[in-house]
Amino acid sequence: MAITLPDGSVRDYDAPTTGAEIAASIGAGLAKAALAVKVDGELRDLKRAIDHDAALEIVTSKSPDALELVCHDAAHVLAQAAKELFPDIQVTIGPVIEDGFYYDFSRSEPFTPEDLEKMEKRMAEIIDRDEPIDREVWDRDEAAAFFESIGEDYKSEIIRDLAADQTITLYRQGNWIDLCRGPHLPSTGKLPKAFKLMKLAGAYWRGDSRNEMLQRVYGTAWLNKDQLKDHLTRLEEAEKRDHRKLGREMDLFHFQEEAVGSVFWHDKGWRLYRTVRNYVRRRLEAEHYQEVNTPQMVDRSLWEASGHWEKFREHMFTAQTEDDRIWAMKPMNCPCHVQIFRQGTKSYRDLPLRMAEFGSCLRYEPSGALHGLMRVRAFTQDDAHIFCTEDQITSETIRFCELLSSIYSDLGFEDFVVKFSDRPEVRAGEDAVWDQAEDALKAAAEAANLDLELNPGEGAFYGPKLEFVLRDAIGRDWQCGTLQVDFVLPERLDATYVAESGDRKRPVMLHRAILGSFERFLAVLIEHYAGHFPLWLAPTQYVVATVTNEADDYAAEVHEELAGAGLVGLLDTAADKISYKVRQHSVGKIPVILAVGKREAEERTVSIRRLGSKDQQSLALADAIHTLTNESQPPA
RNA sequence: GCCACCGUAGCUCAGUGGUAGAGCGCAUCCUUGGUAAGGAUGAGGUCCUCAGUUCGAUCCUGAGCGGCGGCACCA
């Protein structure tokens with residue numbers, strides 16, 4: 001039997017052999033480091049028989065697959081520990097997720113934080129026991145009956161739902177046996193003690209809110225302690241830049257009970273909001289969008305016609321008036337934009353017609369969904385609808401992608417990925433229409449040179465969509481932009497244009513947003529910059545701080561000149577020491593501190609200190625104003 | 001909406017069945033000091049709300065509201 005190794009060398013072995021034996025035949029060090037094996041590209045247990053010619057690769061902690069193996073084993077060891085400590089629980093599933101794993105248990109008593117500690121300790125003990133982990137192939141019915149007999153009903157349910165041709169494998173480690181596809185490490189001792197149980201949470205069985213709620217234990221697992229430590233440091237870093245915390249510290253906005261899910265924007269937060277909005281508005285104007293504004297409250301009949309009433313009624317705020325009319329606060333702008341489109345007769349010459357609105361929407365989001373600015377009940381979309389012909393879908397998509405990528409770049413995001421979401425199970429429109437819409441969007445995305453990740457079944461109910469996901473400064477992904485092709489709404493709301501032939505035709509509607517919602521995007525922006533905004537975005541751009549009160553008059557003059565040049569800042573003439581002021585304003589994340597004392601007043605200069613730097617630069621007042629004015633200009 | 005946890009000063013948090021405390025912040029005064037905390041004094045609290053238990057509840061019990069972490073949802 002010929003085994004080909006990654007370096008191209010071929011070794012001969014008697015069949016059957018195992019990955020473990022092959023590793024041992026290559027070297028004792030490798031045998032010790034081996035975690036699993038890749039046979040013809042398929043990840044397998046080290047101890048599993050190999051009985052045919054194959055390309056083989058020994059997986060060690062240096063392999064890219066190692067972390068997933070480790071996380072998967074950590075989940076199993078957690079389940080074993082939990083079962084040992086709490087024999088009355090039922091185990092369900094425990095998959096690997098980003099940065100770790102979780103395991104869902106069924107138990108009448110809730111777990112406590114102390115239980116987590118106990119489980120973590122027991123996991124370490126199981127590792128110390130170094131119990132062999134062995135794969136067993138079982139008959140389906142026997143396996144199902146076995147799990148039923150030991151009271152593991154969820155496991156037997158999983159087995160019964162597995163595809164008929166699926167091999168049923170169980171993994172035994174010590175006194176514990178679990179249904180699992182594998183692969184696994186050869187023994188529990190191979191699992192690095194670089195894991196931590198992070199939190200307890202509720203989760204529905206099979207992710208369905210109609211099912212019972214299980215108790216989920218989240219853990220993180222790594223190849224070594226340094227990696228674990230780095231991960232925990234990253235979490236701390238993320239916590240420090242939490243927009244809710246910075247929003248309070250920087251006096252940007254607040255929330256309160258009387259208006260759950262709606263933002264009270266303070267002066268500085270609203271200035272940031274306006275800066276971004278004004279920037280986007282200029283970019284849209286340059287792209288020949290028309291900006292419109294539509295009613296906040298619209299009779300239910302329009303939402304019935306659009307189909308939203310049927311699907312989203314319980315998530316809409318409504319009001320009833322004396323005349324028994326029911327009004328809905330608009331949860332989106334699309335149907336209103338169609339109303340504007342329908343005014344007068346549109347010609348093919350009017351297309352593509354790009355209609356934008358900074359549309360304030362209200363949605364009664366489930367209470368558990370609310371999260372700072374990220375998910376609110378009152379928000380404003382940078383919404384637009386492009387009414388166009390089918391032939392124009394491609395060129396409009398390309399154009400949109402260029403605009404989006406340029407805007408993301410100006411706002412400090414260079415990286416983004418694009419996901420393609422196709423038809424969901426519950427949807428409006430014929431399959432033929434969906435075929436058409438999906439094909440058109442895919443073709444347009446190809447023409448725009450986008451690398452698409454597929455997101456099956458995640459489209460909007462009226463059409464497929466592209467989702468633009470940007471990556472922030474600490475590597476987190478945020479879905480912000482979207483482009484959706486819609487053949488349905490123009491039909492439902494009877495939008496037409498007169499074609500070249502003189503016939504009436506349906507326009508296609510492209511729903512598109514770049515930021516998504518201002519609220520959410522500003523949260524992303526705050527966390528991306530950790531509050532250290534570039535000058536053009538900073539709500540307070542500078543502070544003029546006096547070294548002594550003898551410089552007060554000159555400081556006031558500097559402040560006046562900067563304000564006159566269009567910058568926004570503060571004058572600090574308090575009788576505090578300059579070092580105290582530098583600290584205060586650094587903590588306040590003001591990008592530019594201009595210190596002025598007797599010397600500056602006499603020489604008509606300023607001493608500039610930038611946030612994050614200890615250096616100072618002495619500049620003539622006129623030069624400083626010139627420099628800062630230039631630097632504070634928005635892009636484009 | 002569901003599961004768990006939490007709710008005390010502007011913020012971060014101690015604490016107690018007999019109506020409360022720290023640090024920071026804030027105010028006033030002193031200090032005029034050259035780039036990340038000078039000093040003194042002082043003002044702030046319906047201990048989330050409502051009911052119950054109790055001689056007495058911020059503390060115990062229940063309900064509600066809100067927050068936080070997940071799940072579900074996200075036009």
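Per chain, numbering begins at 1; letters A, B, ... match sequence-line order.
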So what does [X] hit on the nucleic acid, given a heavy-atom distance under 4.0 Å: a base, only sugar-phosphate, or nothing?
| X | answer |
| --- | --- |
| A/R244 | sugar-phosphate |
| A/T548 | base |
| A/K245 | nothing |
| A/G207 | sugar-phosphate |
| A/T546 | nothing |
| A/E600 | base |
| A/Y102 | nothing |

Separation of atom [atom1] in [X] from atom [atom2] in [N], rounded to whole Å:
| X | N | atom1 | atom2 | answer |
| --- | --- | --- | --- | --- |
| A/R377 | B/C73 | CZ | C1' | 12 Å |
| A/M374 | B/C74 | CE | C1' | 15 Å |
| A/E519 | B/C74 | CD | P | 20 Å |
| A/R599 | B/G33 | CZ | C1' | 13 Å |
| A/H371 | B/A72 | NE2 | P | 16 Å |
| A/R206 | B/C73 | CZ | P | 16 Å |
| A/R375 | B/G70 | CZ | P | 14 Å |
| A/L493 | B/A75 | CG | C1' | 13 Å |

| said: By nearest heavy atom, map A/F255 and A/E365 onto RNA chain B; which one lands nearer the 5' end? | reply: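 By nearest-heavy-atom nucleotide position, the 5'-most residue is A/F255.
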* Asked: Pick the nucleotide of RNA chain B nearest each of A/Q256 and A/P366; which residue has the one closer to the 5' end?
  ->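 Going by which nucleotide is closer to the 5' end, it is A/P366.
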Per [X] side chain, nearest of listed nucleotides [options]:
| X | options | value |
| --- | --- | --- |
| A/K598 | B/G34, B/A75, B/U35 | B/G34 |
| A/K199 | B/C74, B/G70, B/G1 | B/G70 |
| A/Y218 | B/U35, B/G70, B/A75 | B/G70 |

Can you tell me how far [atom1] in [N] sits from the matching atom in [M], rounded to whole Å?
| N | M | atom1 | result |
| --- | --- | --- | --- |
| B/U8 | B/C3 | P | 24 Å |
| B/C13 | B/U58 | C1' | 16 Å |
| B/G62 | B/G10 | P | 29 Å |
| B/C5 | B/U19 | P | 31 Å |
| B/G25 | B/G45 | C1' | 16 Å |
| B/U41 | B/U53 | C1' | 45 Å |
| B/A36 | B/G17 | C1' | 46 Å |
| B/C74 | B/C6 | P | 31 Å |

* May I ask you to check whether A/W222 and A/F195 place their ring centers less than 6.0 Å from one another? =>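 Centroid separation for A/W222 and A/F195: 6.0 Å or greater.
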Discussion item. Looking only at the aromatic ring of each residue, does the gap between the centers of A/F101 and A/Y103 stay below 6.0 angstrom?
Written reply: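 No.
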*Qualifying residue, where the test is side-chain hydrogen bond (donor to acceptor under 3.5 Å, both in side chains) with A/D242 and the options are A/R244, A/K240, A/K245*: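 Exactly one pass, corresponding to A/R244.
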Query raised in the report: Among A/Q484, A/R492, A/E491, A/R427, which one satisfies side-chain hydrogen bond (donor to acceptor under 3.5 Å, both in side chains) with A/Y462?
Result: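 Of all the options given, the one that passes is A/Q484.
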Side chains of A/K598 and A/T548 only: does a donor on one sit below 3.5 Å from an acceptor on the other?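 Absent: no donor and acceptor within the cut-off.
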> Do A/W327 and A/D299 meet the criterion of a side-chain donor-acceptor pair at a distance under 3.5 Å?
Replying inline: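 Result is no, nothing qualifies.
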Parallel, tilted or perpendicular: rings of A/H385 and A/F387 (30°, 60°):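 Tilted.
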According to the interplanar angle, ranging from 0 to 90°, do the rings of A/F400 and A/F468 count as parallel (below 30°), tilted (30 to 60°) or perpendicular (above 60°)?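 A/F400 and A/F468: perpendicular rings.
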Problem - Residues which pass ring pair (Phe, Tyr, Trp, His ring centres under 6.0 Å) with A/H559, listed by chain and number, not counting sequence neighbours - result: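 By the ring pair (Phe, Tyr, Trp, His ring centres under 6.0 Å) rule, A/H559 matches A/Y542.
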Just the table, please: protein N/O against nucleotides 2-7 of chain B N/O, every pair under 3.5 Å.
from: B/C2; atom 1: O4'; to: A/Y204; atom 2: OH; distance (Å): 3.3
from: B/C3; atom 1: O2; to: A/G202; atom 2: N; distance (Å): 3.3

Phosphate-side-chain proximity, A/H585 and B/U35, N/O vs OP1/OP2 below 4.0 Å
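Negative; the distance criterion is not met.
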task: Report yes if at least one side-chain N or O of A/Y364 is closer than 4.0 Å to OP1 or OP2 of B/C74; otherwise report no.
output: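 Looking at the OP1 and OP2 atoms of B/C74, neither is under 4.0 Å from any side-chain N or O of A/Y364.
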Can you tell me which stems RNA chain B forms when a stem means 3 or more consecutive Watson-Crick or G-U pairs under 3.5 Å?
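Result, WC/G-U stems under 3.5 Å: B:1-3 with B:69-71, B:5-7 with B:65-67, B:10-13 with B:21-24, B:26-30 with B:38-42, B:48-52 with B:60-64.
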Inter-residue atom distance [X].[atom1] - [Y].[atom2], 0.5 Å rounding:
| X | Y | atom1 | atom2 | value |
| --- | --- | --- | --- | --- |
| A/K118 | A/F111 | NZ | CZ | 10.5 Å |
| A/I625 | A/L567 | CD1 | CG | 9.0 Å |
| A/L570 | A/K581 | CG | NZ | 11.5 Å |

Less than 6.0 angstrom from the centroid, inside 45 degrees of the normal: does A/R107 satisfy that with respect to the ring of A/F86?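 Judged by the rule, A/R107 and A/F86 form a cation-pi pair.
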Q) Under 6.0 Å from the six-membered ring centre of A/Y364 and within 45° of its axis: does the NZ or CZ of A/R377 meet both? A)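 Verdict for A/Y364: a cation-pi partner in A/R377.
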Where is the tightest heavy-atom contact between A/W303 and A/P335, given as atom of each residue plus distance?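 Answer, listing the atom of A/W303 first, then A/P335: CZ3-CG, 3.4 Å.
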Could you report the tightest heavy-atom contact between A/Q90 and A/D153, atom names first, then the distance?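 Looking at all heavy atoms of both residues, the closest pair is OE1-N, 2.7 Å.
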Residues of residues 549-558 of chain A with any non-hydrogen atom less than 4.0 angstrom from an atom of RNA chain B: list those, numerically ordered, please.
->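 Contacting residues: A/N549.
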>> If you count heavy atoms of other groups shown closer than 6.0 angstrom to CG of A/D552, is the number above 12?
In response: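 Correct, the count exceeds 12.
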A correct 5'-to-3' footprint of nucleotides 8-15 of chain B, with B, S and - meaning base, sugar-phosphate only and no protein heavy atom under 4.0 Å, is ---SS---
Polar-atom pairs under 3.5 Å, protein N or O versus N or O of nucleotides 36-41 of chain B: list them with distances, or write none.
from: B/A36; atom 1: OP2; to: A/R609; atom 2: NH1; distance (Å): 3.2
from: B/A36; atom 1: O4'; to: A/R583; atom 2: N; distance (Å): 3.4
from: B/A36; atom 1: N7; to: A/R609; atom 2: NH2; distance (Å): 3.2
from: B/A37; atom 1: N9; to: A/R583; atom 2: NE; distance (Å): 3.4
from: B/A37; atom 1: N7; to: A/R583; atom 2: NE; distance (Å): 3.4
from: B/A37; atom 1: N6; to: A/R583; atom 2: NH2; distance (Å): 2.4
from: B/A37; atom 1: N1; to: A/R583; atom 2: NH2; distance (Å): 2.7
from: B/A37; atom 1: N3; to: A/R583; atom 2: NE; distance (Å): 3.4

Q. Ring stacking, A/F461 with base of B/A75, under 5.5 Å and under 30°?
A.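 A/F461 vs B/A75: stacking no.
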